[in-house]
2 protein chains.
Amino acid sequence: MSILSGKVPVMSLRHALLGLLANRSASGYDLLKAFETSLANVWPATQSQVYGELGKLSAEGLLDVTAEGPRGRKEYSITTSGRTELRHWLVEVEPERVRRSGMLLRVFFLDTLDPAEARDYLAAQAAAAAGTHAGLREVEANVEWDDSPLSMYGRIALEYGLRLSQVQREWAKWAAEQVAPPAQ
Amino acid sequence: MSILSGKVPVMSLRHALLGLLANRSASGYDLLKAFETSLANVWPATQSQVYGELGKLSAEGLLDVTAEGPRGRKEYSITTSGRTELRHWLVEVEPERVRRSGMLLRVFFLDTLDPAEARDYLAAQAAAAAGTHAGLREVEANVEWDDSPLSMYGRIALEYGLRLSQVQREWAKWAAEQVAPPAQ
DNA sequence: AATGGACGTTCCTATTTCGACATGTCAATC
DNA sequence: GATTGACATGTCGAAATAGGAACGTCCATT
């Protein structure tokens, strides 16, 4: 597919669907649930996107409809070329780096505030990051981990979130002190 | 404006423009250059967006056209209500957290690869993050910092990038070791 | 038997973003 | 005087995103 068509879509929704279907076959509805739960904080998607993309993917031969169940349920399965495309994306396509940061955009314009306000803002950010970190710790404590690959990669993804929120908290705290000495 | 209209746009392009114009008046073209250079890695925007948004902002009274120069150049200046809106956004509107991460999406599907491949992928990510870090160090060394607020907030933003790439590198390295013991 | 809720798909509109195209002015240089 | 390149704005269409309306099926409970 990436050979046939001229423009390769950077969009990752299709690859998210391929990745989910690589583990087990599912209906659009099932996949939608996955986007609402496990993928909600990684790659959100809406109905229109999921059902639309499933249609395109099966038209391109990356998916097959392998069963039709009750209520018009269509069960999608990944095809060999679907697996090839997934693997290609995973290993060979370089991830586009994150380009937008609302937080940094704000930092750019903190110079329009006076230092005390800027310090307060940054302190609030540090507190927010600490809250995120605590939330993730709670998730970590409550999930039942086992020895499956899914658990392992879940732990690895969670660890990323933990480290990220930690560094945000430390940075915001440091930045607040740079801007103005802490209020006594 | 945020009082009058029912729905508050989350979009930050307008606030980026207000922030730039809070420091000095400029034309659309000038602002476009700012988006191509200093804001390129924080909040990218295209012509169509910039010119379109400038029109809306001045229609809403957040900006004024204070001068018309050669070649149809229009110089925009921020108004009092523009400053109010900027301040509101900076201080009171909570930043929407980052929701999408192509990197984490990939991690979710690394279980479709065998461990050795997954380890190699993560090692490549660690190397890429190290490269980013080195690039930022170079920027840090070459910029001429002074005592202006602009310099201070620039340093703070840069520090965020440095810490972020550092934590990405360390995490990817750690993750690779979790997935499979390092090859000798 | 009726009803409510989960299941399941399709279609619709609106907004944001991107990239490209179109148009034109001004200054310098060849 | 013609060409080039920086300056400067405007418009268009395609794609991605977001959210919801509409429709129907199956099942369990009342």
Side-chain angles (χ1 to χ4, degrees), chain A residues 5-17 20-21 25-37 39-60 63 65-76 96 98-102 105, chain B residues 5-17 20 25-37 39-60 63 65-76 96-102 105:
Chain A
S5 87
K7 57 164 61 179
V8 181
V10 264
M11 177 194 56
S12 301
L13 174 60
R14 57 199 299 109
H15 299 110
L17 288 169
L20 288 168
L21 290 168
S25 299
S27 70
Y29 192 82
D30 295 334
L31 295 165
L32 212 46
K33 293 298 153 193
F35 277 100
E36 284 170 7
T37 56
L39 286 183
N41 295 303
V42 178
W43 203 272
T46 59
Q47 288 150 320
S48 355
Q49 281 179 282
V50 170
Y51 284 112
E53 200 62 37
L54 284 173
K56 286 183 205 166
L57 285 167
S58 58
E60 290 169 21
L63 298 181
V65 178
T66 47
E68 308 228 0
R71 276 163 294 201
R73 175 193 171 96
K74 279 181 259 180
E75 186 156 281
Y76 290 94
E96 70 280 28
V98 176
R99 311 173 58 190
R100 279 194 163 79
S101 167
L105 184 61
Chain B
S5 88
K7 56 165 60 180
V8 181
V10 264
M11 179 193 55
S12 302
L13 173 59
R14 55 197 307 83
H15 300 110
L17 289 169
L20 287 169
S25 299
S27 70
Y29 191 80
D30 295 335
L31 295 164
L32 210 48
K33 293 300 154 190
F35 277 100
E36 283 170 8
T37 56
L39 286 182
N41 295 304
V42 178
W43 203 272
T46 58
Q47 280 159 317
S48 355
Q49 282 179 282
V50 170
Y51 285 113
E53 201 61 37
L54 284 173
K56 287 183 203 164
L57 285 168
S58 57
E60 290 168 21
L63 298 182
V65 178
T66 46
E68 306 227 0
R71 275 163 294 202
R73 175 192 172 97
K74 281 181 256 179
E75 187 155 280
Y76 291 94
E96 70 280 26
R97 67 184 185 335
V98 177
R99 312 175 57 189
R100 283 196 160 79
S101 166
L105 184 61

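Atoms considered below: every heavy atom in the structure, side chains included; atoms not considered: hydrogens, waters and symmetry mates. For clarity, every value in this text was computed on a predicted model and none was experimentally measured. First the proteins, then the strands, lettered A, B, ... as listed; each starts at 1.
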Using whole Å, what does the distance between atom [atom2] of nucleotide [N] and atom [atom1] of [X] come to?
X	N	atom1	atom2	answer
B:E75	D:dC7	CD	C1'	14 Å
A:F35	D:dG19	CZ	P	15 Å
A:L32	C:dT10	CG	C1'	13 Å
B:L54	D:dA8	CG	C1'	12 Å
A:E36	D:dG20	CD	P	12 Å
A:L31	C:dG8	CG	C1'	12 Å
A:D30	C:dT9	CG	C1'	13 Å
B:L13	C:dT17	CG	C1'	10 Å

Do the side chains of [Y] and [X] get nearer than 4.5 Å, heavy atoms only?
X	Y	result
A:L63	A:L17	no
A:D30	A:R73	yes
B:Y76	B:T66	no

Protein-to-nucleotide contact annotation, 5' to 3' order, nucleotides 23-28 of chain C [B base; S sugar-phosphate only; - none; under 4.0 Å, heavy atom]
--BB--
Spacing of A:Y29 atom OH and A:Q47 atom CD [to the nearest 0.5 Å]:
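Those atoms lie 9.5 Å apart.
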NE2-CD distance between A:H15 and A:E53, expressed to the nearest 0.5 angstrom
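If I round to the nearest 0.5 Å, the distance is 9.0 Å.
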Going by the rule salt bridge (Lys or Arg N to Asp or Glu O under 4.0 Å), which residues pair with A:K33 if we only count those two or more places apart in sequence or in a different chain?
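Scan of A:K33 (salt bridge (Lys or Arg N to Asp or Glu O under 4.0 Å), adjacent residues dropped) gives A:E36.
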Residue whose nearest DNA chain D nucleotide is more 5′ - B:K74 or B:R100
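The residue closer to the strand's 5' end, by nearest nucleotide, is B:K74.
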Residues in contact with DNA chain D, drawn from residues 42-52 of chain A - heavy-atom cutoff 4.0 Å
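Those residues are A:T46, A:Q47, A:S48, A:Q49.
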Begin from the C-alpha positions of A:L39 and A:L20 and carry the test side-chain contact (heavy atoms from CB on, under 4.5 Å) through to its verdict.
CA-CA 10 Å; A:L39 286 183; A:L20 288 168; 3.9 Å; yes
Between B:S58 and B:G55, what is the shortest heavy-atom contact and its length?
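Shortest heavy-atom contact: OG-O, 3.1 Å.
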Qualifying residue, where the test is side-chain contact (heavy atoms from CB on, under 4.5 Å) with B:F35 and the options are B:L13, B:V42, B:T46:
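One option only clears the test, and that one is B:L13.
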